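To start, the structure under review is shown below, and the notes come after it.
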Amino acid sequence: MYKDTNCGEPRESTVGSQITVAGWVHRRRDHGSLIFIDLRDRSGLLQVVFNPEYSGSAHELAGSLRSEWVVQITGKVVKRLPGAENPELPTGAVELSVTGLVILNRSLTPPFEISDDIDVDDNTRLKYRFIDLRRPRMQKLLRLRHRVTHMMWDFLTGKGFIHVETPILIKSTPEGARDYVVPSRIHPGEFYALPQSPQQLKQLLMVSGVERYFQIARCFRDEDLRADRQPEHTQLDLEMSFVHQDDVMAIVEELYTLIVDETVPGSTISRPFPRLTYAESMERFGTDKPDLRFGMELSTITETAASSDARVFQAVVSSGGTIRGFAAPGCGNYGRRDTDRLVEFAKSSGAQGLVFIAIDESAASIDALEDDHIKSPLKKFLSVDVVKRLANEMGAKPGDLMLIVAGTARLVNTVLSNLRNEMARRLELVDNKDFSFVWVYDFPLFEWDDDLDKWEPAHHVFSSPKKEHMQYLDTDPGKVLADLYDLVCNGEEMGSGSIRIHDKDIQTRVFGVIGYTEDEISERFGQLLTAFTYGAPPHGGMGLGLDRLVAVLAGERAIREVIAFPKTQSAIDPLFEAPSPITDEQLEELHIRVVMPKT
RNA sequence: GGUCCCGUGGUGUAGUGGUCUAACACGCCUCCCUGUCAAGGAGGAGAUCGUCAGUUCAAAUCUGAUCGGGAUCGCCA
């Protein structure tokens, strides 16, 4: 070993010991004859003093040290001079009085400082990710992620789960997201796909009698990126046999509570996790991933709004649309600037517009509302009576701002749920130490796709229809709810699972609703259906996003921050410069010809 | 595929038609300095303002295209 002690370890109790440390020159303070170095390794910082009276040659060499040089230093741990202690550092009571210095490697001046305080462009950070990761914050995130996966291994092992690896090269199944594909050299014109998730494989493992499976599994999707989406992400994938929905939920709830308690000191988490049906969640929050840390629930005000003289409302209703809204507490005094921004925000979510009605705080109550208390661009179309009724329906109080969106149900919900989250941010209603988990369950199995003019799986095709809804499977698929459940935390989807179909006939009927032909079914899912005919146990499980979990635990917005080597929004790795062309020889070997898009 | 924001020395920003021969902070280089810890002091180097085209007597600044980063809708679990 190049060192016998880590930089962060020396304390007053170890004063007098002779140690050797190794690490990076974090900062240099050169006083001419007296030179200070903050030496950094993964454990922290240690102040090192080069004093010519004790270390002539080392001191001379120290004059040449620069940021990020790698050095090995031998010396004696000494107590700092009285008044020279640094309470900011765990090692701040002591310092290393140097007797020997070895320069292990030199460094160019780094493109940016190794400091948490500095805000560097993402492209630069990723290009020099190996330096970016030296920053204490990034080191912390790497370790947090490790702790989380370690707890998953420990906990699930204790519950009788075994970790099984499934292949990365599998078969392309075009439903769901776009596949990443890998050409086959041995089979010209044929391709593997990278798994979007190990779904079918883990179900086969249930048929194999594994009973309790988990995997920290990499999943690949060739879709556009977001702050919370990367081309490859990691899931805690788990599956259990002989279980009902509650059994899966109980395991996950226990694990996630443990993880939050252990990794975020001072966190609050409510148990048992509250549960909402999909229908209730859509009704109250306009989304299937509600943030329960604050109120501002949505209300449907279609009839009342349409009864006003506002033609925008009437038009939307006569074309079958919906009008919904919520009250933003204390925002009744918003000026033009603020409301303009909200309108802009609503439009960026797809709204045609946003109607707001401000109620002045001087109103004694909603019942006592007078014309002077109301401010709205639609004011001349809104009688005091209508505003009163709207306020009552939306739970608005004097001083509040009512935000109203009209349009198709889907659009209204998208806009309002985004707006609700935005208002919570503006009003600072969210606390990062608060982990508000919620189970959303009873999802519909299918949803109608207007573009394709057919039923599509709402989540995935392997979820079991609820027993009492089986009767609608062929007659009214939209009515069929499934034993499908999502885990949501603070407005982010943390994972999704279901009790699976384990019966060949039911699975075939579900495929039939989506419109797969028998040939397509046997081509894509033959192996699973065949397995179902050999004694498949009832089973269910979940896929839980690891990146999102770690990001939520760390209070990070983008999962890029918790992935060691992520890609940019255009799916590029600036460090390796991937993707990249391959040689003509490689193409030939793979039987592939490239056709560039016309520009 | 759409919309929005951003792109100026190594890093982060200021500058929104002429006064820019581009400013500031940090970093970097040289020198001084024995108690600093975001050390201090003195001096210095470093930018054709992402790229291309256009408007103009004149462009970092206006316009268009393009490239790159970010956010988001669609898409995606």
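Quantities reported herein were computed from a predicted structural model and do not represent experimental measurements. Quick note on labels: first sequence line is chain A, next is B, and so on, each numbered from 1.
Between the side chain of Thr414(A) and the backbone N or O of Arg410(A), at least one donor-acceptor pair lies under 3.5 Å.
If you check every strand for non-hydrogen atoms under 4.0 Å, Asp30(A) touches a base.
The gap from the P atom of C49(B) to that of G7(B) amounts to 14 Å, rounded to the nearest Å. With C1' as the reference atom, A58(B) and U21(B) are 15 Å apart, rounded to whole Å. Annotation: G46(B) and G40(B) have their C1' atoms spaced 24 Å apart (nearest Å).
Distances shown here put a side-chain N or O of Ser570(A) below 4.0 Å from the OP1 or OP2 atom of G69(B). For the OP1/OP2 pair of A39(B) and a distance below 4.0 Å, the side-chain nitrogens and oxygens of Arg27(A) include at least one atom meeting the criterion. Within the structure, a side-chain polar atom (N or O) of Arg226(A) is placed less than 4.0 Å from OP1 or OP2 of C73(B). Of the side-chain N and O atoms in Thr109(A), none sit less than 4.0 angstrom from OP1 or OP2 of G10(B).
At whole-Å resolution of the value, CZ in Arg229(A) and P in C75(B) are 10 Å apart.
Considering Leu481(A), Ile514(A), Val510(A) in turn, Val510(A) is the only one that fulfils the side chain to side chain contact (heavy atoms under 4.5 Å, CB included) rule with Leu445(A).
At least one cation-pi condition fails for Arg28(A) and Phe36(A): the charged atom is not both under 6.0 angstrom from the six-membered ring centre and inside a 45 degree cone around its axis.
Under 3.5 Å, the side chain of Arg80(A) and the base of C37(B) form at least one donor-acceptor pair of N or O atoms.
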